[in-house]
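Note sheet for the following structure.
For reference, positions follow the sequence shown, starting with 1. Whatever order the structure lists ligands and atoms in, that order sets their numbers, starting from 1. Predicted, not measured: the structure shown is a model, and the values here were computed from it.
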Amino acid sequence: VVIDSSRIYVALMHHPVKNKAGDVVTTAITNLDLHDIARLARTYDLGGYYVVNPMPAQRELAGRIVSHWVEGFGSEYNPNRCDALRKISVVGTLDEAKAEIAAMHGSAPRVVATAARQADGAVGYPAMRREMEAGGPLILAFGTGWGLTDDFINGCDMALMPVSGRGGYNHLPVRAAVAIILDRLLGERA
Ligand code: SAM
């Protein structure tokens with residue numbers, strides 16, 4: 001069975017995430033996260049990349065960056081970048097993303113949490129690939145700041161096992177975590 005990657009979405013959550021002290025905060029959108037994760041979404045041919053931020057000024061800024069490269073001067077200057085940034089939708093809440101995906105695919109997406117720390121009941125990559133083969137739309141949710149809150153993770157339908165390297169340290173930049181996880185789930189094995 002082949003996984004239909006157009007049913008797989010990435011969401012980058014700027015809320016609810018933790019800060020260093022463990023408080024629930026909203027983080028700022030970064031330009032690098034827009035560009036790099038959009039290129040990953042394009043490379044693995046995902047359904048889309050949702051940038052989730054409840055602050056209107058942040059969404060407005062992200063929207064301006066995206067439209068510069070998708071519609072403006074940037075689309076002619078760098079067509080590859082245009083092709084990638086087209087994958088981005090900027091929304092205020094994950095529920096908006098879920099509603100859009102449900103309307104597009106005819107069934108509600110399941111949400112999969114990711115974290116550097118292992119969540120209760122986290123599933124490994126072979127099991128997640130089998131879930132994906134089953135066909136329903138699915139959102140892989142990633143954190144910013146000091147990561148997704150425990151409440152958010154517990155409210156997700158599933159959690160994915162953390163990526164581990166060698167030794168105990170595994171605090172990846174979110175862009176690298178998205179790349180490794182998409183490759184484990186969807187990449188071609190040469
Ligand atoms: N400021 C950081 C940056 O620039 O990337 C953001 C850190 S944020 C906590 C990193 C996010 O990447 C996590 O919320 C999680 O979604 C994912 N992540 C990081 N390390 C991971 C790992 N070892 N396994 C799975 N996901 C991981």
Side-chain angles (χ1 to χ4, degrees), residues 3 5 8-41 43-44 46-55 58-59 61-62 65 84-85 87-91 93-95 97-98 101 109-132 138-187:
I3 295 169
S5 60
I8 312 300
Y9 293 78
V10 163
L12 184 66
M13 305 300 300
H14 296 84
H15 180 91
V17 294
K18 293 175 284 188
N19 68 7
K20 190 177 175 182
D23 307 322
V24 182
V25 295
T26 300
T27 55
I29 293 172
T30 78
N31 198 38
L32 268 181
D33 288 343
L34 293 177
H35 285 259
D36 292 2
I37 296 172
R39 283 178 185 269
L40 291 165
T43 298
Y44 292 89
L46 303 188
Y49 165 28
Y50 282 95
V51 175
V52 182
N53 194 307
M55 290 168 73
Q58 283 285 310
R59 292 203 298 279
L61 176 64
I65 293 170
L85 269 78
K87 291 282 180 194
I88 296 180
S89 304
V90 186
V91 295
T93 64
L94 192 62
D95 281 346
K98 286 162 82 171
I101 294 169
R110 285 173 303 163
V111 181
V112 180
T114 64
R117 196 157 51 84
Q118 188 176 331
D120 291 342
V123 305
Y125 293 83
M128 186 56 67
R129 280 196 296 273
R130 287 194 293 276
E131 288 286 338
M132 291 160 90
L138 202 136
I139 301 176
L140 298 168
F142 290 85
T144 57
W146 264 253
L148 298 166
T149 63
D150 291 348
D151 281 352
F152 179 87
I153 292 174
N154 293 335
C156 285
D157 300 295
M158 282 176 283
L160 199 49
M161 285 293 280
V163 173
S164 45
R166 298 283 176 117
Y169 187 97
N170 74 341
H171 296 281
L172 295 165
V174 65
R175 297 162 302 283
V178 176
I180 293 168
I181 287 172
L182 288 180
D183 198 64
R184 285 189 180 184
L185 295 173
L186 298 169

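- With hydrogens and angles ignored, the 3.5 Å screen pairs no side-chain donor or acceptor of Asn19 with any backbone N or O of Trp146.
- With values rounded to the nearest 0.5 angstrom, Ile88 atom CD1 is found 5.0 Å from Leu34 atom CG.
- Checked against side-chain hydrogen bond (donor to acceptor under 3.5 Å, both in side chains), Arg130 has no partners two or more places apart in sequence or in another chain.
- With hydrogens and angles ignored, the 3.5 Å screen pairs no side-chain donor or acceptor of Arg59 with any backbone N or O of Val51.
- Residue pairs meeting the side chain to side chain donor-acceptor pair (under 3.5 Å) criterion with at least one partner in residues 118-128, sequence neighbours excluded, are absent.
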For residues 153-162, tabulate all N or O donor-acceptor pairs below 3.5 Å that involve a side-chain atom, not counting sequence neighbours.
| residue | atom | partner | partner atom | Å |
| --- | --- | --- | --- | --- |
| Asn154 | ND2 | Asp150 | O | 3.2 |
| Asp157 | OD2 | Val111 | N | 2.7 |

Contacts table for ligand 1: protein N or O within a distance under 3.5 Å of ligand N or O, distances only.
| residue | atom | partner | partner atom | Å |
| --- | --- | --- | --- | --- |
| ligand 1 | 5 (O) | Val174 | N | 2.7 |
| ligand 1 | 14 (O) | Gly143 | N | 3.1 |
| ligand 1 | 16 (O) | Thr114 | OG1 | 2.7 |
| ligand 1 | 16 (O) | Gly143 | N | 3.0 |
| ligand 1 | 20 (N) | Asn170 | O | 3.4 |
| ligand 1 | 20 (N) | Leu172 | N | 3.2 |
| ligand 1 | 23 (N) | Val163 | O | 2.8 |
| ligand 1 | 23 (N) | Asn170 | O | 2.8 |
| ligand 1 | 23 (N) | Asn170 | ND2 | 3.3 |
| ligand 1 | 24 (N) | Ala115 | O | 3.4 |
| ligand 1 | 24 (N) | Val163 | N | 2.8 |

